[in-house]
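I have placed the structure first, in the form of structure tokens, so that the comments after it can refer back to it.
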Amino acid sequence: MVENTLGLEIIEVVEQAAIASARWMGKGEKNTADQVAVEAMRERMNRIYMRGRIVIGEGERDEAPMLYIGEEVGICTREDAKAYCNPDELVEIDIAVDPCEGTNLVAYGQPGSMAVLAISEKGGLFAAPDFYMKKLAAPPAAKGKVDINKSATENLKILAECLDRSIEELVVVVMKRDRHNELIKEIRNAGARVALISDGDVSAAISCGFAGTNIHALMGIGAAPEGVISAAAMRCLGGHFQGQLIYDPDAVKTPESEKWTKEGNIKRLKEMGITDPDKVYDAHELASGETVLFAACGITSGNLMQGVRFFHGGARTQSLVISSQSKTARFVDTIHMAENPKYVQLR
Ligand code: VTB
């Protein structure tokens, strides 16, 4: 019963991160936009009555001072916790966070960035390594029918059938990267239309879960940790999500991946207990917990949520909270009031 213990509080966690980050929107400083979101998220999270552990965060302990993998968060993880709560009575929960998903989008004032997290009971979220991941997201109607092992052309045919429309009426989101050049060509040749994004594939993946966004699939390679967060949302929404870890640096060719070797990556995976590096994970494997909660708050406006809007005396945010338990997707619209505002703006 993860949900009851957290209530509305995780909404505030993503809201606070989004507001902090949005102050840096358009300033060209992606690291600051990220850093302030991390600090705000951590600060609010540590005021929640819970025993939480970060399973997907800002990185390993030695490289990330805050929200590192393994960091304990919540009032009931404090050393003096006994004064506040009975830690033994509380369910331990695992948390995957991305306080500023799409840092470039924030830095350059582009749409689609958000503060985001997923929660489940201990062991309920796949602790994805800091690898790339090949992803396929599609609407609920295509769940289990499209398949990441099939070609894009085949999947588009299946998708068109499932959605009862022509391939020409499909929109596929792909991140604009050289590694996707062939994929983009293939999608276009099959007749579908491609919406290229510079960053932010979490928003794109989740958009597939809702009809009316005019996004029918996400294809291509992004980061693995964010793949788990997308999977958590899609698991709750009943949408299709598959992910496959990318261990061959030649498949991505980014400055980061140039530091890796294929053999080294396979070894790293083995050390983490992943013996089949080619395994395809579905949403239920990436977010396997009995209860899964997902929360996001728009930093800049996107398909799903409006971004943070500041006005005299406060700010307005829009968040999305999805629960596998109550089977709800709630859009939460919040006015955040400063001390003694002259007025509280309605719109
Ligand atoms: C980012 C980011 C995405 O993947 O680009 C990243 O914008 C990794 O790709 O939203 P690159 O290293 O090629 O930039 C995501 O973070 C999430 O999957």
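One-based numbering, in listed order, for ligands and for the atoms of each.
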Kindly state each residue pair satisfying salt bridge (charged side-chain N to carboxylate O under 4.0 Å, His left out) with at least one member in residues 168-194, sequence neighbours excluded.
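Counting only pairs at least two positions apart or across chains, the salt bridge (charged side-chain N to carboxylate O under 4.0 Å, His left out) contacts touching residues 168-194 are Arg177-Asp199, Glu182-Lys185.
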For residues 128-152, pull every pair meeting salt bridge (charged side-chain N to carboxylate O under 4.0 Å, His left out), keeping only residues two or more places apart or in separate chains.
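Sorted result for residues 128-152: Lys135-Asp201.
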Would you call the rings of Phe131 and Trp260 parallel, tilted or perpendicular, taking 30° and 60° as the class edges?
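Parallel: the ring planes of Phe131 and Trp260 meet at under 30°.
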Distance from [atom] to nearest protein heavy atom, with residue and atom:
atom	answer
atom 16 (O) of ligand 1	Glu226 OE2, 3.4 Å
atom 4 (O) of ligand 1	Ala223 N, 3.3 Å
atom 10 (O) of ligand 1	Glu101 OE2, 2.6 Å
atom 1 (C) of ligand 1	Asp199 OD1, 3.7 Å
atom 8 (C) of ligand 1	Tyr132 CE2, 3.8 Å
atom 14 (O) of ligand 1	Arg177 NH2, 2.9 Å

For atom 17 (C) of ligand 1, tell me which residue out of Leu105, Asn104, Asp201 has the closest non-hydrogen atom.
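The residue whose heavy atom sits nearest atom 17 (C) of ligand 1 is Asp201.
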One residue to check: [X]. Relative to ligand 1, which of side chain, backbone, both or neither has a non-hydrogen atom less than 4.0 Å away?
X	answer
Met133	neither
Lys135	side chain
Glu256	neither

Looking at side-chain heavy atoms only, is the closest gap between [X] and [Y] below 4.5 Å?
X	Y	answer
Arg42	Asn46	yes
Val252	Ile221	yes
Thr291	Glu121	yes

Ligand-residue contact atoms, ligand 1 with Arg179, heavy atoms, under 4.0 Å:
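Reading through ligand 1 atom by atom, the close ones are 9 (O), 11 (P), 13 (O).
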Could you tell me whether Met337 atom CE has more than 12 heavy atoms of other residues or ligands within 6.0 Å of it?
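Counting neighbours around CE of Met337, 12 or fewer heavy atoms of other residues, nucleotides or ligands fall under 6.0 Å, so no.
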Under 6.0 Å from the CE atom of Met175, do we count more than 12 heavy atoms belonging to anything else shown?
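Counting other residues, nucleotides and ligands, CE of Met175 exceeds 12 neighbours.
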Less than 4.0 Å is my threshold; does some heavy atom of Gly200 fall inside it relative to ligand 1?
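Per 4.0 Å heavy-atom rule, Gly200 contacts ligand 1.
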Assess, by modelled atom type and distance only, whether the side chains of Asp62 and Tyr68 contain a donor and an acceptor separated by less than 3.5 Å.
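Result is no, nothing qualifies.
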Would you say ligand 1 has an N or O under 3.5 Å from any N or O of Ser198?
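Between Ser198 and ligand 1 (N or O atoms, distance only) the closest approach is not under 3.5 Å.
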Polar-atom distance check: Gly102 versus ligand 1, any N or O pair below 3.5 Å?
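Looking only at distances, the answer is no, because the N/O contact criterion of under 3.5 Å is not met.
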